[in-house]
Amino acid sequence: MLKIYNTLTRKTEEFQTLEPNLVKMYVCGVTVYNDAHVGHAMSALVFDIIRRYLEYRGYTVRHVMNYTDVDDKIINRAKQLGEDPLKLSARYIADYAADLKSLNVLPATANPQVSQTMPLIIEFIQGLIQKGHAYAAANGDVYFSVTSDDDYGRLSGRKLDDMQAGARIEIGEAKTHPMDFALWKAAKEGEISWDSPWGKGRPGWHIECSAMNLAELGEQIDIHGGGNDLIFPHHENEIAQSECYTGKEFSRYWVHNGMLQLGGEKMSKSLGNIISIKEFLSKRSADVMRMLVLNGTYRAPLMFNDDTLDAAEKNVERLKSALRPARASLSEVEGTKGLSAESLSALASAADSAKANFTEAMDSDFNTAGAVAALFELSKFINTARDNGATAEQLSPAQATFSELAAVLGLKLEEKQGSSEQDAQVNALIAERNEARKQKQWKRSDEIRDQLKEMGVTIEDSKDGTTWRWG
RNA sequence: GGCGUCGUGGCCAAGUGGUAAGGCAAGGGUCUGCAAAACCCUCAUUCACGGGUUCAAAUCCCGUCGACGCCUCCA
């Protein structure tokens, strides 16, 4: 029984879909005007893991992630660069898609964009005006009326009265209530704009997600996700718009990831403490970033520093060790006995309980730290079996389970590969070293090992022979 | 000031009533010519602090202190 923490109720609830075996999941994507950073990566990874696990549990997942390609920041940046705003955003959309791919994040089933949802956005706003939830101001702006929605504030747990106390009152705006928010913004001179019943303009930030949800997934969805910095005002406003428009409950579960912390502070574009995804991947692997996320709790702040990254890197190496081949098959030693029937059945039951523990952990609000712990347990059994001389055939079922579970978490655990020429060169050096070792020429043997290390090759001697790998 | 999340060993962190998972680091060991990897052992009488409820609390309640997020664009 899968349980998910729901921000809306502040409780962990049993997960039940609107339609059997189908999950409609909408996750707020990014505003595309510069390089995405590792904080965005965290969010993408969290929902990729959730999606993969739901699929593992047998659901079909319709996973929608939007791109905000019409926005003040995009317009400003485009102005600076003298570029067309939609060309700029198209460039960064392609860029972000590439980042996600290199992070082994599965592509969403749909990636709607604001610029391509204009007719529905306008229709949506008109509907809200008709129902008395929105009003057009004299200057061409359209605002949502928060006082028209009795439930306003229920996601973030705020009351209108409380909010006004700390809210910065914007001057010169044509709002009836200070907390009213823009559905449509009248275009300024020379700005990109679309025609509407209220004159030329563009959508406010929140309406796009309500409209794209409706277009892609319908009136009601199962999961709405995003970073917890979006709870207010973005998601609060989405609920208000969608529920006032359809009269139905918008999303059953609201899932929010915690913020990535750099030096005790949230990493964000506005604070400027950014490490881009590309910069990260030039130094560490996609698996390391994913392991960092897996080691933590998706809802809690994630500590991002050299210590936690080094630990994550070690963790990845450790998991990789479970997938290394059996020694016996490499050694070409005749008459390898393999494991006893007893050890073999112990290995099989270790694989079974790893799977059970993995599922139990993931069922508890995606407890990835617990799921990874189950993999560590299994890797210990596999490695012990290998040390005890298990054959490739004997190791294979447990390794298959291990790979299957690792894949649910989206870990690749790939060993680096070299070209066949490089491999041949390494094999020749190892043959030479083995000859030297046979003659107890340790100096020469160690020279070759150092030379291989320079080339990026790690070697391991065992009684069955020498194995090596890149990295 | 308001709303919310949270405070577990040197570090990351699981655990929401029944007596502290896992990983990193550290120390010892097996193996090895040495190394590397793997494996084994050790490593919190205690869960921010102070009260309370209970046969029993890291887990529930109250209070205090502290951290972080949101209240303005933000994954």
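Protein chains get the first letters and strands the later ones, always in sequence-line order, with residue 1 at the start of each.
- Side chain of Asp287(A) to backbone of Leu413(A): a donor-acceptor contact under 3.5 angstrom is found.
- If you take CE of Met291(A) and C1' of C11(B), they are 17 Å apart, rounded to a whole angstrom.
- For a distance-only test at 3.5 Å, the side chain of Asn367(A) fails to qualify as a donor-acceptor partner of the base of G15(B).
- Checked against Arg202(A) for a salt bridge (charged side-chain N to carboxylate O under 4.0 Å, His left out), the options Asp72(A), Asp141(A), Asp69(A) give a single hit: Asp72(A).
- Within the 4.0 angstrom heavy-atom criterion, base atoms lie near Ser445(A).
- Taking atom CG on Asn273(A) and atom C1' on A75(B), their separation rounds to 13 Å, with Å as the unit.
- In this model, the phosphate group of C39(B) is approached by a side-chain N or O of Asn383(A) to a distance below 4.0 Å at OP1 or OP2.
- Taking the C1' atom of each, G7(B) and A13(B) are spaced 13 Å apart, rounded to whole Å.
- G9(B) and A21(B): their C1' atoms are spaced 14 Å apart (whole Å).
- Base contact: Ser268(A) has a heavy atom under 4.0 Å from a base atom.
- Note on Arg469(A) versus Glu460(A): salt bridge recorded, some NZ/NE/NH1/NH2 to OD/OE distance being below 4.0 Å.
- In this model, the phosphate group of G2(B) is not approached by any side-chain N or O of Lys159(A) to a distance below 4.0 Å at OP1 or OP2.
- Backbone-only contact: Arg318(A) has heavy atoms under 4.0 Å from sugar-phosphate atoms and none from a base.
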Ignoring hydrogens and angles, write down the donor-acceptor pairs under 3.5 Å from the side chains of residues 101-111 of chain A, residues two or more places apart or on other chains.
from      : atom 1 : to        : atom 2 : distance (Å)
Ser102(A) : OG     : Ala98(A)  : O      : 3.1
Ser102(A) : OG     : Asp99(A)  : O      : 2.9
Asn104(A) : ND2    : Gly410(A) : O      : 2.9
Thr109(A) : OG1    : His63(A)  : N      : 2.7
Thr109(A) : OG1    : His63(A)  : O      : 2.8
Asn111(A) : ND2    : Met65(A)  : O      : 2.9

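- Using a 30° and 60° split on the angle between ring planes, Phe280(A) and Phe304(A) fall in the tilted class, from 30° to 60°.
- Within the nucleic acid shown, Asp461(A) comes within 4.0 Å of at least one base atom, counting heavy atoms only.
- Remark: the separation of the P atoms in G15(B) and C60(B) is 13 Å, to the nearest Å.
- Counting non-hydrogen atoms under 4.0 angstrom, Ile459(A) reaches a base of the nucleic acid.
- Among the heavy atoms of the strands, none lies under 4.0 Å from Gly225(A).
- Residue Tyr5(A) has a polar side-chain atom (N or O) positioned under 4.0 Å from OP1 or OP2 of U5(B).
- Put simply, the side chain of Thr7(A) and the base of G4(B) share no donor and acceptor less than 3.5 Å apart.
- Counting any heavy atom pair closer than 4.0 Å across all strands shown, Arg386(A) reaches no nucleic acid atom.
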Below 3.5 Å is the cut-off: list the nitrogen or oxygen pairs between protein and nucleotides 68-70 of chain B, distance only.
from   : atom 1 : to        : atom 2 : distance (Å)
G69(B) : OP1    : Lys266(A) : N      : 3.2
C70(B) : OP1    : Lys266(A) : NZ     : 2.4
C70(B) : O2'    : Arg158(A) : NH2    : 3.2
C70(B) : O2'    : Phe232(A) : O      : 3.3
C70(B) : O2     : Arg158(A) : NH2    : 3.1

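- Position along RNA chain B of the nearest nucleotide to Leu292(A) versus Phe381(A) favours Leu292(A) as the more 5'-ward residue.
- Across all strands shown, U5(B) forms a Watson-Crick or G-U wobble pair with A67(B), both key distances being under 3.5 Å.
- Ring geometry for Phe181(A) versus Phe144(A): interplanar angle under 30°, hence parallel rather than tilted (30 to 60°).
- The pairing partner recorded for U45(B) is none, the criterion being a Watson-Crick or G-U wobble arrangement whose two distances lie under 3.5 angstrom.
- Using a 4.0 Å heavy-atom distance criterion, His37(A) is classed as a base contact.
- Using the Watson-Crick or G-U wobble rule with both distances under 3.5 Å, A38(B) pairs with U30(B).
- Using C1' as the reference atom, U32(B) and A38(B) are 12 Å apart when rounded to the nearest Å.
- Using a 4.0 Å heavy-atom distance criterion, Gly157(A) is classed as a sugar-phosphate-only contact.
- Asp446(A) comes within contact range of at least one nucleobase, with a heavy-atom separation under 4.0 Å.
- Pair assignment for G17(B): none, as no Watson-Crick or G-U wobble contacts are both less than 3.5 Å.
- Looking at heavy-atom distances under 4.0 Å, Arg433(A) makes contact with a base.
- The aromatic rings of His224(A) and Tyr26(A) sit tilted, their planes meeting at an angle between 30° and 60°.
- The nucleotide C60(B) finds its pairing partner in G52(B), both defining distances of the Watson-Crick or G-U wobble pair being shorter than 3.5 Å.
- Nucleotides A26(B) and A67(B), compared at atom P, are 31 Å apart to the nearest Å.
- If you take atom P in G4(B) and the same atom in C47(B), they sit 27 Å apart, rounded to whole Å.
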Indicate every side-chain donor-acceptor pair of residues 365-377 of chain A with a distance under 3.5 Å to a residue at least two apart or in another chain.
from      : atom 1 : to        : atom 2 : distance (Å)
Asp365(A) : OD1    : Tyr5(A)   : N      : 3.0
Asp365(A) : OD1    : Tyr298(A) : OH     : 2.7
Asp365(A) : OD2    : Tyr298(A) : OH     : 3.3
Asp365(A) : OD2    : Arg299(A) : NE     : 3.1
Asn367(A) : OD1    : Ala369(A) : N      : 3.4
Asn367(A) : OD1    : Gly370(A) : N      : 2.9
Thr368(A) : OG1    : Leu294(A) : O      : 2.8
Thr368(A) : OG1    : Gly296(A) : O      : 3.4

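- Among the atoms of the strands shown, base atoms are found under 4.0 Å from some heavy atom of Leu260(A).
- Using Watson-Crick or G-U wobble geometry with both donor-acceptor distances under 3.5 Å, U72(B) finds no partner in any strand shown.
- A donor N or O paired with an acceptor N or O is not found under 3.5 Å between the base of C24(B) and the side-chain atoms of Lys314(A).
- With ring centers used as reference points, His256(A) lies under 6.0 Å from His235(A).
- Heavy atoms of other residues, nucleotides or ligands lying less than 6.0 angstrom from OH of Tyr92(A) number more than 12.
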